[in-house]
Amino acid sequence: MKKKLYLHIGMGKTGTTALQDFFAHNRDALAQVGISYPERGIMSNAHHLLSPHIPRFLEGQWQFEQVDQWAPAVAEEEPGAILLSSELMAWADEAKARKFCAQVSAWFDVHVVVYLRRQDNIIMASYNQQIKAGPQRRRIDLIYHKQMERFDYPRILAPWADSLEPGKVIVRPYEKQQFHDGDIRRDFMRHVFGVELDERFDLQLGNSNPRLSLVAGEYKRMVNCLVEDAEKNARFNELLMQYSAEMDVSSTSVFSSQAVLSPAQRLEVIEHSRAGNEQVARQFLGRDDGQLFLDPEPAANDEWEGIDLSVGTAAIITDYLKQYDPGLVRYLGHQIKAYKDAMAFQRRRAARFLAQSVLGSLLVSPRYEISPSDTAPIVIGGLGGSGTRLVVSLLQNMGVAFNGELNESLDNLWFSLLYVRRSVLLRSDEELDRLAWLFTNAMRHGKEVPAELKTTLDEACSHDRSPVLPPDLLRTAHQSILSVPAADDLPEHWGWKQPNTHILLPMLDRSFPEMKYVYVVRNGLDMAFSENQNQLKYFWGDLLLEGDITATPVNALRYWVAAHKRMQGFRQRMGHRLHFLSFDRLCTDPDSELEALREFVGIPVSKHKIAELAADIAPPATTGRFRQQDLSQFAAEDVNFVKNLGFEVA
């Protein structure tokens with residue numbers, strides 16, 4: 001008969017360190033109740049060296065063991081039930097997790113134990129941990145969307161549950177109110193082994209893994225940008241942990257959750273994860289109501305201090321560091337001088353912010369904000385070839401100014417230079433403010449571009465986007481944006497057209513909060529056979545689609561569907577500032593579509609003028625081209641989506 005093996009796979013930031021310290025400290029007591037916590041594969045009281053998952057930063061650093069190396073010895077040497085614990089295991093990819101289960105099951109009767117923390121809380125806790133460890137340099141508001149996908153609990157649990165018999169994956173919520181007797185150690189022993197802890201067990205108090213306070217965490221994030229030396233970085237961490245413990249008592253509290261996400265961001269994470277959590281609650285906990293977590297959710301109007309570090313508080317922290325290690329602060333000063341003009345934004349921003357408290361000088365970059373009078377442009381976007389050029393011409397005749405460097409398709413090349421590149425999706429709010437200032441200044445004012453923003457402009461021009469935006473075209477846009485004459489007067493209605501704007505809509509909506517956006521939509525089946533597949537082929541294909549993204553008609557339709565569904569998701573956010581314009585209806589019923597467009601942009605145009613514009617509109621020869629093609633190649637659901645939007649499909 002196989003011995004029982006319990007694999008505690010985490011997850012990280014769910015009390016794993018406290019549990020592992022408890023298991024290691026109470027080996028003798030565990031043995032008395034028939035449980036072995038082996039010494040083999042141990043690092044920091046956890047069995048990390050037996051994990052199927054090897055983090056990249058540990059490759060070649062630790063000597064990990066394969067199952068066939070450790071399993072026979074552990075099965076033979078350890079009496080009773082065997083408990084292994086490592087939070088690394090939870091991050092094994094699907095194939096490795098399944099293989100690991102199969103290999104271990106050859107030697108043991110395997111059970112898996114995992115604690116799950118509500119996603120907003122675990123994202124914030126993990127972020128703090130990464131700042132402490134040193135690798136995290138980016139603000140959480142730039143990365144939390146990716147983290148939302150990472151903590152997909154049904155996906156994480158699936159390979160373990162599928163590989164083991166029903167009931168052998170034990171899921172426990174990481175919430176104090178759901179712990180047995182309010183203690184995770186008592187909860188683990190009761191729900192995994194059916195053991196109540198008695199006087200034989202030593203329950204040491206305290207937090208095995210305290211966090212940095214909010215302000216110390218932001219200070220440490222900036223230090224991470226500047227200090228790559230591991231020993232010095234660790235010394236900063238040691239002192240900042242000491243500062244946190246003295247200045248913020250909650251930093252040592254086990255269940256304190258550092259509010260580095262705003263209430264609105266936390267609710268976004270919670271809502272994104274709700275369906276998956278309900279599935280886990282029903283499948284693994286037998287809860288028909290689908291309630292995995294019971295702690296109250298934040299309210300959108302809850303007070304939140306934000307994560308910005310004030311100059312005054314930074315000075316207090318710097319003085320504290322000087323008191324304990326003045327040499328370390330002098331080293332930080334050298335790094336600040338070295339990186340104050342670095343091309344990398346995060347590094348440059350950190351150096352300039354910390355300069356005042358460390359060097360006694362102010363190197364903080366100026367803030368670039370556009371005027372409230374410039375926040376209401378009319379912007380046109382859509383898929384390439386959808387008819388956006390016609391819409392520009394119509395709006396120009398209605399009185400909208402589309403200035404700037406334009407190509408033959410009337411795309412704004414200044415916007416293309418600054419924004420149409422993948423890297424723009426990773427820019428910080430401050431960097432996006434700079435781009436918005438550069439673009440708006442060129443479009444509206446013609447002020448001299450500051451030297452610092454010339455560097456930003458040079459960096460944008462250095463990105464090769466051939467063949468769609470070849471280098472000579474970018475250089476032309478770069479030169480002209482620097483030579484815009486000062487404006488004498490400002491048109492009331494202004495805007496630009498660039499089909500790719502629909503991908504960048506969230507950042508544009510932030511920079512231009514009164515923007516009105518026209519999304520031009522053409523029959524998806526016609527678009528599938530368009531020669532213009534630049535967005536799919538060169539820029540955003542793998543952003544909107546999974547799997548194959550070659551520029552085939554099938555993938556072109558998939559891209560069309562994905563883009564349209566994404567745009568529909570912006571209806572609630574933008575409301576009356578978002579207008580879907582059907583190119584097909586514009587061609588067949590121009591009067592009605594033009595009147596709807598005029599009403600959307602809010603420009604008084606006479607009925608006579610509308611009739612004149614309508615008279616010049618006719619369907620292009622490419623309308624209905626899909627009828628000469630084999631439509632059986634398309635997925636039925638994609639064709640139905642086109643049909644449900646009112647377009648012809650036959």
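Position 1 is the first residue of the sequence; numbering continues from there.
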Exercise. Would you say Ser371's side chain and Ser373's backbone share a donor-acceptor pair under 3.5 angstrom?
Worked result: yes
Exercise. What do the steps show when you test Val391 against Lys497 for side chain to side chain contact (heavy atoms under 4.5 Å, CB included), and what is the final call?
Worked result: CA-CA 9 Å; Val391 178; Lys497 172 247 182 178; over 6 Å; no
Exercise. Any luck finding a side-chain donor-acceptor pair between Arg139 and Gln346 under 3.5 Å?
Worked result: no
Exercise. Which heavy atom in Pro298 sits nearest to a heavy atom in Leu267, and how many Å separate them?
Worked result: O-CD2, 3.1 Å
Problem set entry | Donor-acceptor side-chain pairing of Glu612 and His608 below 3.5 angstrom | yes
Problem set entry | Evaluation steps, side chain to side chain contact (heavy atoms under 4.5 Å, CB included), between Ile380 and Phe402 | CA-CA 11 Å; Ile380 302 169; Phe402 289 89; 3.8 Å; yes
Exercise. Does Glu599 CD have over 12 foreign heavy atoms under 6.0 Å away?
Worked result: no
For this session: Please check if the side chain of Lys643 supplies one atom and the backbone of Glu648 the other of a donor-acceptor pair under 3.5 Å.
Result: no
Exercise. Step by step, would you call Lys454 with Glu459 a salt bridge (charged side-chain N to carboxylate O under 4.0 Å, His left out)?
Worked result: CA-CA 9 Å; Lys454 288 180 181 178; Glu459 191 268 338; over 6 Å; no
Exercise. Nearest heavy-atom pair of Val649 and Phe626: which atoms, and what distance?
Worked result: C-CE1, 3.6 Å
Exercise. Do Arg444 and Asp489 meet the salt-bridge criterion of a basic N to acidic O distance under 4.0 Å?
Worked result: no
For this session: Tell me yes or no: between the side chains of Asn128 and Gln136, is some donor less than 3.5 Å from an acceptor?
Result: no
Problem set entry | Between Ser126 and Arg117, a side-chain donor and acceptor under 3.5 Å | no
For this session: Check the side chains of Gln535 and Tyr559 for a donor-acceptor pair under 3.5 angstrom, ignoring hydrogens and angles.
Result: yes
Exercise. Would you say the side-chain atoms of Ser592 pair up with the backbone N or O of Asp589, donor to acceptor, closer than 3.5 Å?
Worked result: no
Problem set entry | Any donor-acceptor pair under 3.5 Å from Asp433 side chain to Glu369 backbone | no
Problem set entry | Ile370 side, atom CD1; Met443 side, atom CE - distance, nearest 0.5 Å | 12.0 Å
Exercise. If you measure from the Lys or Arg side-chain nitrogens to the Asp or Glu carboxylate oxygens, is any gap between Asp638 and Arg558 under 4.0 Å?
Worked result: no
Seminar exercise, completed: Checking Met148, Arg274, Met124 against Val269 for side chain to side chain contact (heavy atoms under 4.5 Å, CB included), the one that qualifies is Met148
Exercise. Do any N or O atoms from the side chain of Arg577 and from the backbone of Pro513 form a donor-acceptor pair under 3.5 angstrom?
Worked result: yes
Exercise. Among side-chain atoms of Glu514 and Thr375, is any donor-acceptor pair under 3.5 angstrom?
Worked result: no
Problem set entry | Residues Glu431, Arg434: salt bridge by 4.0 Å N-O rule | no
For this session: Assert yes or no for the condition that the ring centre distance of His502 to Phe570 is strictly below 6.0 Å.
Result: no
For this session: State whether the side chain of Ser530 and the backbone N or O of Asp526 hold a donor-acceptor pair below 3.5 Å, judged by distance alone.
Result: no
Exercise. Does any N or O in the side chain of Arg389 come within less than 3.5 Å of the main-chain N or O of Leu410, such that one atom is a donor and the other an acceptor?
Worked result: no
For this session: Return yes when atom CD of Glu492 has more than 12 non-hydrogen atoms of other residues, nucleotides or ligands closer than 6.0 Å, and no otherwise.
Result: no
Exercise. Step by step, would you call Asp584 with Arg522 a salt bridge (charged side-chain N to carboxylate O under 4.0 Å, His left out)?
Worked result: CA-CA 6 Å; Asp584 297 69; Arg522 187 174 177 182; 5.2 Å; no
For this session: Side-chain contact test, heavy atoms from C-beta onward, threshold under 4.5 Å: evaluate it for Phe647 versus Ser582 and give yes or no.
Result: yes
For this session: Check whether any side-chain heavy atom of Phe634 lies under 4.5 Å from a side-chain heavy atom of Pro553, and answer yes or no.
Result: yes
For this session: Hey, could you give me the CZ/OG1 distance between Phe583 and Thr588, rounded to the nearest 0.5 Å?
Result: 10.5 Å
For this session: Please report the closest heavy-atom contact between Ser386 and Leu383, naming both atoms and the distance.
Result: OG-O, 2.7 Å
Problem set entry | Distance-only polar pair, side chains of Glu149 and His145, donor-acceptor under 3.5 Å | no
Exercise. Does the side-chain hydrogen bond (donor to acceptor under 3.5 Å, both in side chains) test come out yes or no for Gln533 and Asn555, once each step is laid out?
Worked result: CA-CA 10 Å; Gln533 301 298 339; Asn555 287 335; over 6 Å; no
For this session: Give the minimum heavy-atom separation between Tyr519 and Gly382, together with the two atoms involved.
Result: CE1-CA, 3.6 Å
For this session: Evaluate the side chain to side chain contact (heavy atoms under 4.5 Å, CB included) criterion for residues Leu394 and Ile617: first the C-alpha distance (whole Å), next the side-chain angles of each, then the deciding distance (0.1 Å), finally the verdict.
Result: CA-CA 10 Å; Leu394 295 171; Ile617 298 175; 4.0 Å; yes
Problem set entry | Closest contact, heavy atoms only, Ile140 versus Ile123 | CD1-CG2, 4.1 Å
For this session: Evaluate the side chain to side chain contact (heavy atoms under 4.5 Å, CB included) criterion for residues Val521 and Met567: first the C-alpha distance (whole Å), next the side-chain angles of each, then the deciding distance (0.1 Å), finally the verdict.
Result: CA-CA 11 Å; Val521 189; Met567 286 301 302; over 6 Å; no
For this session: Determine, stepwise, if the pair Asp464 / Arg421 fulfils salt bridge (charged side-chain N to carboxylate O under 4.0 Å, His left out).
Result: CA-CA 9 Å; Asp464 185 9; Arg421 45 187 170 133; over 6 Å; no
Exercise. Under 3.5 Å, is there a donor-acceptor pair linking the side chains of Ser416 and Gln498?
Worked result: yes
Exercise. Does the separation of the ring centres of Phe512 and Trp496 fall below 6.0 angstrom?
Worked result: yes
Exercise. Does Tyr144 have Arg266 sitting over its ring (NZ/CZ under 6.0 Å from centre, angle to axis within 45°)?
Worked result: no
For this session: Would you kindly check if the NZ (Lys) or CZ (Arg) of Arg118 is within the cone defined by 45 degrees around the ring axis of Phe293 and under 6.0 Å from the six-membered ring centre?
Result: no
Exercise. Under 3.5 Å, is there a donor-acceptor pair between the side chain of Asn640 and the main chain of Ala636?
Worked result: yes
Exercise. Do you see a donor-acceptor pair shorter than 3.5 Å between the side chains of Asp411 and Ser409?
Worked result: no
Exercise. CD1/Ile122 to OG/Ser273 distance, rounded to the nearest 0.5 angstrom?
Worked result: 10.5 Å
For this session: Mark yes or no: Lys565 above the aromatic ring of Phe641, with NZ or CZ under 6.0 Å from the six-membered ring centre and no more than 45 degrees from the axis.
Result: yes
Exercise. Just by modelled atom types, is the Ile603 backbone N or O under 3.5 Å from a matching donor or acceptor in the Arg598 side chain?
Worked result: yes
Problem set entry | Crowding at CD, Glu595 (>12 non-hydrogen neighbours, <6.0 Å) | yes
Exercise. Are Gln265 and Asp141 close enough that some pair of their side-chain heavy atoms sits under 4.5 Å apart?
Worked result: yes
Seminar exercise, completed: Note: Ile610 and Leu594 closest approach over all heavy atoms is O-CD1, 3.8 Å
For this session: Count the heavy atoms of every other residue, nucleotide or ligand shown that sit under 6.0 Å from CD of Glu303, and state whether that count exceeds 12.
Result: no
For this session: For this output row, return yes or no: ring centroids of Phe353 and Tyr339 closer than 6.0 angstrom.
Result: no
Exercise. Is the backbone N or O of Thr440 less than 3.5 Å from a side-chain atom of Asp374, with the two atoms forming a donor-acceptor pair by type?
Worked result: no
Exercise. Between CG of Leu413 and CG of Leu469, what distance do you get to the nearest 0.5 Å?
Worked result: 7.5 Å
